[in-house]
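In what follows, a single structure is set out as structure tokens and then discussed.
Remember, predicted model here, so these are calculated numbers, not experimental data.
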Amino acid sequence: MDYKNDIANRIAKITGLEAQNVYNLIEIPPQTDMGDYAFPCFALAKVLRKAPPMIAAELVNSDELKADYLSEVKNVGPYVNFYIDRGELAYSVLSQILSSGDAYGADSLGDCKTAIIEFSSPNIAKPFHVGHAFTTILGNSLARIYEKLGYNVVRMNHLGDYGTQFGKLITAYRLWGDEKALEESPIDELLRIYVKFHEEEKNNPDLTTDARANFKRLEDGCEEEVALWKKFRDMSLVVFNKLYDRMGVTFDNYNGESFYSDKIPAVVDMLREKNLLEESEGAQVVMLDEFKAPPCIILKSDGTTIYASRDLAAAIYRYNEYKFDKNIYVVGIPQALHFKQVFSVLKKAGYEWADNCEHVGFGLVKFKDGKFSTRDGNIVLLEDLLNEAVEKTYEVIVENNKNRGNELTEEEMREIAEKVGLGAVVYTYVKSGRERDIFFSWEEMLDFEGDTAPYLIYTYARTRSILRKAKASGLAPFESGDEALKVLSSEEEYQLIRTLADFPESISKAANANEPFMISRQISTCARSFNRFYNNSSILNAETEELKRARLSLCECLCNTLKSGLNLLGIDVVERM
RNA sequence: GGGUCUAUAGCUCAGUUGGAUAGAGCAACAGCCUUCUAAGCUGUGGGUCGGAGGUUCGAGUCCCCCUAGGCUCGCCA
């Protein structure tokens with residue numbers, strides 16, 4: 001039952017205000033002892049020409065505000081506070097969660113609309129470091145969130161697989177390439193020769209000329225160059241895919257820059273036909289004064305294309321192919337202006353769907369002391385970070401396993417460590433607002449206490465353990481709709497139920513703002529509420545059989561919520577740890 | 001210099017269209033395992049919300065100015 005809506009209707013009846021307006025005014029009090037909903041009377045003060053506290057006092061006495069599900073209606077200063085009957089709340093919230101299972105929070109808001117999410121998009125032949133992890137983790141989470149809300153999601157990996165750097169790689173590979181090393185560790189070898197190229201290039205301008213010629217031959221489709229390019233691309237993809245598999249990240253396609261390169265001329269023609277192209281300082285540009293943005297370069301003065309033209313071609317292709325309702329780019333904040341320009345050009349060219357394109361930016365990953373730079377070797381590979389986190393998790397598990405009667409086998413411990421370790425890393429990226437820079441520190445990444453994934457997974461596993469024990473002793477939770485759920489009315493139970501009830505809303509909020517942290521924050525609150533309850537009340541040794549079963553139901557609801565929420569963040573749960 | 005974002009507890013961060021006593025986690029200190037997993041829980045200390053002004057019943061939140069910092073500003077992506 002929608003309590004808020006019902007309360008709004010009742011207040012509307014008394015005051016004569018629009019129900020929708022009242023609904024928007026109703027808020028959730030900052031403290032739980034102030035009730036479940038509150039109606040502030042400030043807005044009525046002007047209309048009724050009375051002081052808000054007086055209005056509140058009068059409202060409270062109205063018969064219209066007497067409902068079965070309300071245990072109390074109280075005026076506090078200018079507010080009218082509504083208290084939902086705890087048993088009633090427990091019954092309605094738990095019934096809903098129990099019937100939804102792992103799907104708790106799912107919605108059909110998306111209505112089968114199509115949402116394209118471009119994310120990860122690493123450069124071929126370059127190492128995948130902790131900076132790339134941000135777009136990968138964020139995009140993966142957003143994809144899952146939109147799917148949960150009923151969207152048809154298309155995951156796109158816009159690979160950096162084209163451009164003059166491939167001319168350089170071809171030149172470098174022919175001079176210094178080591179076939180064996182390439183087979184064993186493609187990215188390392190490609191990076192080695194790429195770095196060497198840049199060193200040698202300083203003293204040998206011929207290399208630059210050769211690299212340009214090679215890229216030209218690649219663009220012209222010369223067999224040898226294309227074959228080499230393809231080889232580099234395929235080998236890099238194998239490496240990336242291993243990482244994606246490990247993280248549970250999937251893509252619907254890997255159409256990178258190379259895929260769109262032959263679609264650019266049509267875009268240039270289109271812009272020219274619409275008289276949008278101007279010559280400026282030798283380049284072909286689209287002026288964007290009316291969008292308060294600098295000109296967007298479409299063709300360089302040498303007539304070649306640039307990344308803006310590629311992104312234009314990609315957007316148009318995507319619209320024609322998918323007729324998307326949302327086209328989201330999960331790319332770092334430094335590219336904010338670039339996307340503003342691209343979207344503005346589309347708009348200027350008359351594509352109304354340009355309004356459905358959105359740049360979802362995120363902060364930089366930095367070191368506390370000094371910059372993050374590939375050149376200085378000041379870099380942490382994502383794989384190293386994951387391994388480190390898994391290893392540390394494993395040590396903790398081994399230690400705990402000794403104290404818990406060696407229930408786990410070596411293999412199980414390895415498997416748990418993998419999931420929890422990865423979860424710990426993923427969580428650090430989605431625990432706060434995406435636009436903030438992340439200061440990378442091993443210490444924080446490997447801290448498993450407090451607001452962390454291990455804490456959440458631990459809470460889940462601990463609860464699963466209780467459910468297993470209950471089952472073994474023939475004790476079953478109540479099912480959805482069982483009136484006995486109403487016995488849950490203690491302070492801790494009530495607090496937990498309230499936080500569980502807020503979970504679905506956190507998903508739609510997260511989607512609206514493209515901010516997964518709104519979900520991580522919610523489930524973190526759920527876990528904390530549960531642990532408080534857990535430490536205060538015994539579940540399997542509760543006073544009555546009925547209370548035991550009702551509390552087991554509460555456990556099950558917590559599990560459903562945590563599992564669903566963590567899944568939306570891209571984190572797996574484990575049954576024991 | 002133009003654009004843009006940020007500034008909240010010692011540290012890392014929340015704070016919804018202006019609303020009730022500005023909240024979490026970490027760190028510090030003091031407690032809690034013969035009881036369902038202590039990766040847990042309880043308590044304590046810690047704040048002129050960068051600074052000044054303005055708007056109003058009311059400002060961490062909105063407007064203006066200032067200070068500090070990040071990112072960015074046509075032929076790299």
Side-chain angles (χ1 to χ4, degrees), chain A residues 24-25 27-31 34 38 40 42 45-46 51-52 76-79 81 121 123 160 162-165 257 280-285 292-302 304-308 310-311 331-338 340-341 361 363-364 366 393 396-397 399-400 403-404 407 420 424 428 431-433 435-439 441 443-444 447-459 461-470 509 512-513 517-518 521 524-525 527-528 530-542 548 551-552 555 576-577:
Chain A
N24 291 337
L25 283 172
E27 49 193 66
I28 294 171
Q31 310 287 329
M34 296 171 176
F42 304 104
K46 278 180 186 164
V76 180
Y79 291 89
N81 292 340
S121 311
N123 285 326
Y162 221 54
T164 45
Q165 75 255 30
E257 291 162 0
S280 169
E281 297 172 32
Q284 294 291 315
V285 308
K292 289 182 179 156
C296 181
I297 296 185
I298 305 297
L299 291 176
K300 298 189 273 191
S301 41
D302 64 1
T304 57
T305 62
I306 189 170
Y307 65 111
R310 287 197 261 280
D311 270 339
V331 182
I333 285 179
Q335 297 207 42
L337 181 58
H338 162 71
K340 184 181 178 178
Q341 289 175 306
L364 269 55
K366 299 176 185 171
T393 306
V396 176
I397 293 172
E399 194 55 37
N400 286 340
N403 303 330
R404 290 174 193 161
E407 289 180 340
V420 176
T428 59
K431 72 183 286 189
S432 47
E435 296 196 342
R436 283 198 179 256
D437 291 344
I438 290 180
F439 286 93
S441 101
E443 222 170 274
E444 278 172 43
D447 181 9
F448 298 157
E449 284 167 23
D451 188 14
T452 63
Y455 170 76
L456 298 175
I457 301 173
Y458 173 77
T459 305
R462 160 196 257 184
T463 312
R464 295 299 295 172
S465 165
I466 296 171
L467 288 166
R468 274 195 305 273
K469 286 194 171 149
K509 280 183 177 173
N512 274 333
F517 92 91
M518 291 180 172
R521 204 155 260 284
S524 168
T525 306
R528 219 173 310 123
F530 177 81
N531 283 321
R532 238 170 243 154
F533 159 70
Y534 174 91
N535 273 272
N536 257 297
S537 327
S538 181
I539 296 158
L540 296 176
N541 295 313
K548 285 182 195 173
R551 284 181 175 169
L552 281 173
C555 286
R576 310 160 192 267
M577 70 186 276

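The glycosidic torsion of C33(B) lies within 90° of 0, which places this base in the syn conformation. For G74(B), the glycosidic angle deviates from 0 by 90° or less, giving a syn base.
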| field | Pair pattern of RNA chain B in dot-bracket, where unpaired bases get dots and | marks partners in another strand, Watson-Crick or G-U under 3.5 angstrom | value | (((((((..((((.....[...)))).(((((.......))))).....((.((..]....)).)))))))))....

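Regarding I297(A), its CD1 atom lies at a distance of 11 Å from the P atom of C73(B), rounded to whole Å. Taking atom CG of L25(A) as the reference point, atom C1' of G58(B) lies 16 Å away to the nearest angstrom. To the nearest angstrom, C1' of C5(B) lies 10 Å from CG of D437(A). As rounded to whole Å, 14 Å separates atom P of C75(B) from atom CG of L299(A). Distance CZ (R528(A)) to P (C26(B)): 9 Å, rounded to an integer number of Å. As rounded to whole Å, 12 Å separates atom P of U17(B) from atom CG of N512(A).
Using a 4.0 Å heavy-atom cutoff across all strands shown, R404(A) reaches at least one base atom of the nucleic acid. Among the heavy atoms of the strands, none lies under 4.0 Å from D311(A). Among the heavy atoms of the strands, none lies under 4.0 Å from P40(A). Residue contacts shown for S538(A) include a base, since a base heavy atom lies under 4.0 Å away. Using a 4.0 Å heavy-atom criterion, one finds that N535(A) contacts the bases of the nucleic acid, with or without backbone contacts as well. Residue contacts for S121(A): at a heavy-atom cut-off of 4.0 Å it reaches no nucleic acid atom on any strand shown.
Here A39(B) is the nucleotide among C76(B), A39(B), C36(B) with the atom lying nearest to any side-chain atom of F448(A). Of all nucleotides listed (A39(B), U37(B), C73(B)), C73(B) comes nearest to the side chain of L337(A). The E449(A) side chain lies nearest to A39(B) when the options are A14(B), A39(B), C36(B). For K509(A), the side-chain atoms get nearest to U16(B) when compared with the rest of U37(B), A20(B), U16(B). Of the candidate nucleotides A77(B), U37(B), U6(B), A77(B) has the atom lying nearest to any side-chain atom of Y307(A). Relative to the side chain of P334(A), the nucleotides G40(B), A20(B), U72(B) differ in distance, and U72(B) lies closest. Candidate nucleotides A39(B), C41(B), A14(B) were compared by shortest atom distance to the side chain of V420(A), and A39(B) ranks first. Distance from the side chain of R532(A) is smallest for U42(B) among the nucleotides A77(B), U42(B), A39(B). Distances from the side chain of Q31(A) to the nucleotides C71(B), G23(B), C36(B) place G23(B) closest.
With hydrogens and angles left out, the side chain of K431(A) and the base of U12(B) share no donor-acceptor pair within 3.5 Å. No N or O donor and acceptor, one from the side chain of S465(A) and one from the base of C36(B), sit under 3.5 Å apart. Residue N123(A) places no side-chain atom within donor-acceptor reach of the base of A77(B), judged by atom type and a 3.5 Å distance cut-off alone. Evaluation of atom-type donor-acceptor distances gives no pair under 3.5 Å for the side chain of Y458(A) against the base of A39(B).
Distance noted for atom P between A27(B) and C41(B): 12 Å (whole Å).
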| Under the side-chain hydrogen bond (donor to acceptor under 3.5 Å, both in side chains) criterion, do S524(A) and R528(A) qualify, and how do the steps go? | CA-CA 6 Å; S524(A) 168; R528(A) 219 173 310 123; 3.2 Å; yes

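Minimum interatomic distance between I333(A) and G363(A) (heavy atoms only, all atoms of both residues): CD1-N, 4.2 Å. R462(A) and N531(A) get closest at one heavy-atom pair: NH1-OD1, 2.6 Å.
Between H338(A) and M577(A), the residue whose closest nucleotide on RNA chain B is further toward the 5' end is M577(A). Nearest-nucleotide mapping onto RNA chain B: of D447(A) and G163(A), the residue sitting toward the 5' end is D447(A).
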